[in-house]
Amino acid sequence: MRIEFFKMTGAGNDFIMFDNRDGKIKNPVELARWVCDRHFGVGADGIILIEKSETADFKMVYYNSDGSFGGMCGNGGRCVAKLAYMLGIAKEKMKFEANKKLYFAEIIDDEKVKLYLPNPRKREFNLKLKLDKKFFKAHFVDSGAPHLVVFTDENGIKNIEKININNLGKKLRFHPRFKHGTNVNFVSIIAEDTIRMRTYERGVEGETLACGTGSVASVIASVEKKKYKNSRQGENFKR
Ligand SMILES: N[C@H](CCC[C@H](N)C(=O)O)C(=O)O
C-alpha cells in the first residue's frame with residue numbers, strides 16, 4: 001500500500017502527518033512506532049492523522065512515537081493546521097477537533113501559525129513529590145496534555161543545562177501520583193519575561209526539543225508562582 005506522508009517541525013518538535021480522511025490507515029499505533037523510529041523509519045516525535053469531523057474543519061488524531069495516544073499537542077496542532085491549509089482542507093482561520101475538544105488556529109504567514117488553547121482548568125500548585133528519599137516541589141497543569149512544572153530554583157538545581165533529563169525527567173514522569181503518567185518540564189527563570197524550559201515527553205520517553213502545551217503549562221506556573229507579568233509580549237516575538 002502506498003501512503004503519502006508529510007513531515008513538519010514545530011520549533012524542533014517533529015511530526016509525520018497523514019491525510020486519513022478516507023480512513024485507510026487502520027493501525028496508527030503500529031504505524032507510529034515504525035515511522036517515528038529515527039534509524040529504521042523516517043524519524044519523528046509523533047504522528048498526526050487528519051480525519052473527518054462533524055463539528056469542525058477536521059479532526060487531529062495524535063500518537064506519540066511509542067504508539068501511545070497523545071491527546072493534544074501544541075506544536076503538532078500548529079503543524080497540522082498548516083498542513084490542512086496547504087491541502088485545502090481548511091481556510092486561514094480554522095477550527096479543529098482533538099481529543100474531543102475544539103481548538104482554533106490561524107495561518108498568519110508562511111512561517112507563523114497561531115493556535116488558541118483554552119485556559120487550562122486543571123491546575124495543582126505546590127505539590128511535594130517523593131523521589132529517592134528526596135522531595136521535589138512541582139506544579140501540575142493540564143493544558144491539553146498533562147504537564148508537571150519543576151522550577152530549578154525551588155529544588156536547589158543550579159544549572160538547568162546540566163540536568164540529566166532522561167534520568168530525572170523519567171523518574172518524575174512515572175511518579176505514582178499521576179495515574180496516566182505526565183510530561184515533565186524543568187524551568188529556570190531567565191528574565192522578567194523569559195524562561196528556559198527543558199521537557200521530558202511522555203510517549204517519546206526522552207527529551208524533545210520543544211513542547212507547545214508544556215510551554216503553556218510552564219508560563220501558567222511562572223505567572224502563578226513567580227508573579228510574572230502576564231505579558232502579551234510573545235505576540236511580537238521575532239526570531
Ligand atoms: N509535544 C507536545 C505535547 C505532547 C504530549 C504527549 N507527549 C503526551 O502527553 O503524551 C506539544 O507540543 O504540546
Side-chain angles (χ1 to χ4, degrees), residues 7-17 28-29 31-33 35-38 43-50 59-84 96-105 112-124 138-150 165-166 169-175 177-187 195-222 234 237:
K7 171 103 195 262
M8 252 188 237
T9 167
N13 204 187
D14 56 347
F15 310 95
I16 301 165
M17 297 182 284
V29 172
L31 179 69
R33 289 184 189 145
V35 295
C36 291
D37 189 292
R38 297 209 181 264
D45 293 328
I47 66 163
I48 297 169
L49 311 180
I50 292 183
K59 190 199 273 182
M60 160 185 172
V61 186
Y62 169 60
Y63 290 87
N64 290 306
S65 57
D66 71 356
S68 58
F69 184 69
M72 179 51 181
C73 174
N75 286 322
R78 294 189 299 127
C79 291
V80 78
K82 174 141 186 181
L83 180 63
F96 65 86
E97 213 188 301
N99 203 17
K100 301 195 183 79
K101 288 202 184 89
L102 215 52
Y103 293 91
F104 295 87
K112 253 190 226 158
V113 179
K114 200 183 242 182
L115 176 66
Y116 296 83
L117 293 175
N119 210 355
R121 291 221 188 95
K122 194 158 187 233
R123 309 158 176 220
E124 293 175 70
H139 315 281
F140 180 83
V141 179
D142 192 326
S143 49
H147 284 281
L148 198 62
V149 179
V150 181
I165 303 284
N166 290 338
K170 186 174 201 147
K171 286 185 184 158
L172 290 166
R173 176 257 185 268
F174 285 106
H175 194 281
R177 172 77 168 64
F178 309 101
K179 208 167 121 205
H180 304 289
T182 182
N183 300 282
V184 184
N185 308 274
F186 295 92
V187 174
I195 59 173
R196 162 83 172 118
M197 174 191 102
R198 291 180 69 195
T199 305
Y200 179 97
E201 256 193 60
R202 173 181 81 165
V204 178
E205 302 314 337
E207 184 174 12
T208 50
L209 296 186
C211 184
T213 48
S215 309
V216 168
S218 299
V219 167
I220 286 172
S222 301
F237 182 80

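Since this is a predicted model, take the numbers as computed values, not measurements. Both ligands and their constituent atoms are indexed starting at 1 by order of listing.
Atoms of ligand 1 found under 4.0 Å from any heavy atom of Ala145, numbered from 1 in the order shown, are 5 (C), 9 (O). For ligand 1, the atoms closer than 4.0 angstrom to any heavy atom of Asn13 are 1 (N), 2 (C), 11 (C), 12 (O). Of all atoms in ligand 1, listed by their number and element, those nearer than 4.0 Å to a heavy atom of Thr213 are 3 (C), 11 (C), 12 (O), 13 (O).
Counting protein heavy atoms only, atom 4 (C) of ligand 1 is closest to Glu201 OE1, 3.4 Å. The single protein non-hydrogen atom nearest to atom 7 (N) of ligand 1 is Arg202 O, 2.7 Å, given as residue, atom name and distance. Here the protein heavy atom with the shortest distance to atom 12 (O) of ligand 1 is Gly212 N, 2.6 Å. Atom 2 (C) of ligand 1 has Cys73 SG, 3.0 Å as its closest protein atom, hydrogens excluded (heavy atom only).
For Gly71, the closest heavy-atom approach to ligand 1 does not fall below 4.0 Å. At a 4.0 Å cut-off, at least one heavy atom of Asn183 sits close enough to ligand 1 to count as contact.
The nearest pair of heavy atoms linking Tyr103 to Gly144 is OH-CA, 4.1 Å. Minimum interatomic distance between Met72 and Ala98 (heavy atoms only, all atoms of both residues): SD-CB, 3.8 Å. Contact detail for Cys36 and Ser65: the closest heavy-atom pair is CB-CB, 3.5 Å.
Applying the 6.0 Å contact sphere to NZ of Lys7 captures more than 12 heavy atoms from other residues, nucleotides or ligands.
Considering backbone and side-chain N/O of Tyr62, none are found under 3.5 Å from N/O of ligand 1. Considering backbone and side-chain atoms alike, Ala210 places every N or O at 3.5 Å or more from each N or O of ligand 1.
Between the side chains of Thr199 and Asn185, at least one donor-acceptor pair of N or O atoms lies under 3.5 Å.
For the side-chain hydrogen bond (donor to acceptor under 3.5 Å, both in side chains) with Tyr200, the qualifying choice from Lys171, Glu205, Glu207 is Glu205, the only one to do so.
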(message) Evaluate His175 against Thr182 for side chain to side chain donor-acceptor pair (under 3.5 Å), listing each step before the verdict.
(response) CA-CA 8 Å; His175 194 281; Thr182 182; over 6 Å; no
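For Asn64, every heavy-atom contact with ligand 1 shorter than 4.0 Å involves the side chain, none the backbone.
With sequence neighbours left out, Phe69 forms a ring pair (Phe, Tyr, Trp, His ring centres under 6.0 Å) with Tyr63.
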